[in-house]
Structures are given as C-alpha cells and as structure tokens.
Amino acid sequence: MQLANTAIVLDFETTGLSPDMGDRAIEIGAVKIVDGEIVDSFQALMNPGRRVNSFIESYTGISNAMLAEAESCEIVMQRFADFCQGFNLVAHNTSFDKKFLDAEFKRINHSYSGHFACSLLLSRRINQDAPNHKLGTLVEYHQLPNDGVFHRALADATMTAHLWNHQLALLQQQLPNKAITFELINQISKRSKAQVSRYLLSL
DNA sequence: TGCCAGGCCCTCTTTAGGGCCTT
C-alpha cells in the first residue's frame with residue numbers, strides 16, 4: 001500500500017509542447033513530500049543545446065542567456081534521477097510532464113518505476129465546481145500558498161504540491177476511514193464525472 | 001521565420017468533433 005501523501009511533485013519548463021517534435025526540457029522543479037510535509041526541493045535550469053523562441057522566453061522568464069550558462073539536460077536529469085529514486089510522482093497534467101520525463105530519461109538510459117498521478121485529472125473529479133482546472137485558477141480557488149510566481153518550474157511544482165495536499169485532505173474528509181493511496185486516486189481519476197460521486201459513496 | 005502535439009473527456013457520440021490542459 002503506497003500512501004499518496006509521500007511523493008515527488010514535479011514540473012517541467014520546456015521549449016515547446018512535444019518531445020516528439022524535438023522539444024526539450026529547459027528547467028525542472030520538484031518538491032519532496034513525506035507524510036504530507038514538504039521536506040526537500042530540487043530546481044535546475046538545463047541547457048537544451050538550442051535556442052528557445054521568444055514566446056518561451058516571455059512565458060517562462062527563462063532567457064537564452066540564462067540557459068547558455070546552465071548545465072546540460074543530461075547532467076541535470078541524472079541528478080534528478082537520484083533525487084526521485086524510490087518515490088511515486090505527481091504532476092499537474094501528467095500526460096505533459098511524463099512525456100518530457102520519459103524523453104529526457106531515455107537520453108541518459110534511465111527509467112523509473114512506480115505510480116505517476118495527476119492533480120489535474122483528480123481536480124476534474126473531486127472539484128467539479130471549480131471554474132476551470134488550470135493550476136493558477138485552482139491555487140486561487142482553494143486559496144493555496146503561493147509567491148505570485150507562475151510558469152517557473154519550482155514555483156509551479158510547489159503550488160502543485162500544496163494543491164495535492166489539499167486534494168488529499170478533501171478526500172480524507174470524504175473517506176475518513178480509508179487510506180488514501182495512489183491506487184485509490186488512480187481509481188477515482190479513471191471514473192467518469194458522472195460515476196465518481198457514486199464510486200466515492202461505495203467505498 | 002514560422003510552424004508543430006496529444007491525452008482526457010464531454011456530447012448535439014461510438015462510422016466524430018472539439019474544448020481543456022500542459023510549454
């Protein structure tokens with residue numbers, strides 16, 4: 001049984017949307033949560049070996065000059081592999097971050113095992129009254145801690161960690177006698193919107 | 001220089017289309 005309150009919450013900034021189209025990671029941020037407490041963090045810019053376009057510079061605040069001085073993706077990802085070793089993973093819109101994690105790990109012949117849960121999918125299930133499920137909206141909607149920085153990897157990962165803890169607390173309120181595990185969260189996330197209330201009541 | 005993706009999920013669905021999310 002793997003409790004969901006121990007995890008690595010991660011976020012990538014990238015050159016674009018698709019590693020299959022040649023996009024690379026330019027920054028990774030992650031926080032380590034153990035028993036619901038943030039106990040460690042990881043942040044690094046990484047040089048993708050190509051220039052990023054003006055949209056990405058503007059969107060993230062990460063400039064080509066900053067990346068020119070950064071370590072290579074390979075060096076950073078090796079350090080991150082050590083950081084996340086043995087932990088389950090969480091991201092906001094996992095389908096995006098997992099693509100880049102897999103692609104960058106593949107370049108260093110590394111792979112991970114374990115669960116990869118998604119705070120976006122979970123939000124669509126357990127916060128159906130939220131105006132939308134963008135990370136920034138959910139931080140405001142749930143009045144979660146933030147320092148006003150968005151679209152930087154560690155800031156986004158930290159906000160996602162607070163969101164994750166909040167979501168686990170909401171689930172625990174609904175299921176006071178149930179262990180909130182990764183297996184349970186992925187079962188909830190798989191249900192349709194219409195099914196999820198009945199599923200929670202059945203537990 | 002400009003352009004690019006894809007998984008999830010709803011519905012006016014399933015022989016499909018389009019919005020939501022992520023950079």
Side-chain angles (χ1 to χ4, degrees), chain A residues 7-31 42-67 70 73 76-77 80 89-107 115-142 144 146 149-164 166-167 182 185-200:
Chain A
I8 300 284
V9 184
L10 69 93
D11 183 74
F12 279 109
E13 305 305 316
T14 69
T15 64
L17 292 172
S18 175
D20 290 339
M21 298 293 292
D23 287 316
R24 299 293 304 273
I26 59 173
E27 186 182 39
I28 184 167
V31 297
F42 183 101
Q43 183 276 330
L45 292 170
M46 46 186 136
N47 188 337
R50 48 174 281 201
R51 292 181 63 81
V52 300
N53 63 36
S54 58
F55 171 78
I56 295 297
E57 283 192 311
S58 173
Y59 186 78
T60 65
I62 299 170
S63 68
N64 283 293
M66 292 162 68
L67 294 175
C73 296
V76 170
M77 291 308 297
F80 181 71
L89 304 175
V90 174
H92 196 69
N93 198 7
T94 294
S95 69
F96 175 84
D97 290 285
K98 186 176 186 302
K99 279 189 305 187
F100 281 93
L101 185 71
D102 288 344
E104 296 297 343
F105 269 171
K106 186 177 181 182
R107 289 172 175 269
H115 297 280
F116 204 152
C118 181
S119 57
L120 169 63
L121 296 185
L122 186 58
S123 182
R124 284 174 173 163
R125 291 295 165 270
I126 68 173
N127 290 118
Q128 297 188 19
D129 53 346
N132 62 57
H133 301 279
K134 295 176 183 175
L135 179 60
T137 300
L138 294 174
V139 166
E140 182 178 5
Y141 179 71
H142 295 298
L144 300 173
N146 71 90
V149 176
F150 293 89
H151 308 306
R152 285 300 299 267
L154 183 57
D156 284 3
T158 303
M159 288 186 289
T160 302
H162 289 303
L163 172 63
W164 186 247
H166 184 74
Q167 291 175 316
F182 278 92
I185 285 172
N186 285 332
Q187 286 296 317
I188 291 169
S189 298
K190 278 197 295 189
R191 258 63 186 185
S192 71
K193 278 186 177 179
Q195 290 174 325
V196 70
S197 293
R198 192 165 56 183
Y199 177 69
L200 288 172

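So that the names make sense, note that chain A is the first sequence line, chain B the second, and so on, each numbered from 1.
What separates CE of A:M21 from C1' of B:dA5 is a distance of 7 Å, to the nearest Å. The distance from atom CD of A:E57 to atom P of B:dT1 is 12 Å, rounded to the nearest whole Å. For the pair A:M46 CE and B:dT23 C1', the interatomic distance rounds to 13 Å; values are reported in whole Å. The CG-P distance, from A:D20 to B:dC4, rounds to 16 Å in whole Å. Here B:dC8 presents its C1' atom at 17 Å from CD1 of A:I188, a figure rounded to the nearest Å. Rounded to an integer number of Å, the gap from A:H133 NE2 to B:dC9 P is 11 Å. Rounded to an integer number of Å, the gap from A:D97 CG to B:dC8 P is 14 Å. With rounding to whole Å, A:F100 atom CZ is found 9 Å from B:dT22 atom C1'.
Taking atom C1' on both B:dT13 and B:dG18, the two are 12 Å apart, rounded to the nearest angstrom. With P as the reference atom, B:dC9 and B:dC4 are 26 Å apart, rounded to whole Å. Here, B:dT23 and B:dG17 have their P atoms 29 Å apart, quoted to the whole Å. Remark: the separation of the P atoms in B:dG7 and B:dC3 is 24 Å, to the nearest Å. When the P atom is used for both B:dG19 and B:dT1, the distance is 31 Å, rounded to whole Å. Straight-line distance between the C1' atoms of B:dC12 and B:dA16: roughly 11 Å, to the nearest whole Å.
Nucleic acid contact class of A:F12 (heavy atoms, under 4.0 Å, all strands): sugar-phosphate only. Residue contacts for A:T137: at a heavy-atom cut-off of 4.0 Å it reaches no nucleic acid atom on any strand shown. Using a 4.0 Å heavy-atom distance criterion, A:I26 is classed as making no nucleic acid contact. Within the 4.0 angstrom heavy-atom criterion, only backbone atoms of the sugar-phosphate kind lie near A:N132; the bases stay farther away. Backbone-only engagement by A:K193 is indicated by non-hydrogen atom pairs under 4.0 Å involving sugar-phosphate atoms exclusively. No engagement by A:T94 is indicated, since no non-hydrogen atom pair under 4.0 Å with the nucleic acid exists. Among the atoms of the strands shown, only primed sugar atoms or phosphate atoms (P, OP1, OP2) are found under 4.0 Å from some heavy atom of A:D11.
Counted within 6.0 Å of NZ on A:K134, heavy atoms from surrounding residues, nucleotides or ligands total 12 or fewer; the atom is thus considered open.
Put simply, the residue from A:V52, A:I56, A:T15 that forms a side chain to side chain contact (heavy atoms under 4.5 Å, CB included) with A:D23 is A:T15.
Taking the side chain as every heavy atom from C-beta outward, A:L135 and A:L120 never approach each other to under 4.5 Å. Side-chain contact between A:M159 and A:V149 is absent, with no heavy-atom pair separated by less than 4.5 Å.
When the side-chain nitrogen and oxygen atoms of A:H92 are compared with OP1 and OP2 of B:dC21, none of them lie within a distance under 4.0 Å. For A:R125 and B:dC9, the shortest distance from a side-chain N or O to OP1 or OP2 is below 4.0 Å.
Two residues, A:E13 and A:S95, neighbour DNA chain B, and the one matched to the more 5' nucleotide by heavy-atom proximity is A:S95. Of the residues near DNA chain B, A:H151 and A:R124, the one whose nearest nucleotide (by heavy atom distance) lies more toward the 5' end is A:R124.
Between A:F100 and A:F12, the two ring planes are tilted [angle within 30° to 60°].
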Task: Derivation of the salt bridge (charged side-chain N to carboxylate O under 4.0 Å, His left out) call for A:K98 and A:D102 - done: CA-CA 6 Å; A:K98 186 176 186 302; A:D102 288 344; 2.9 Å; yes
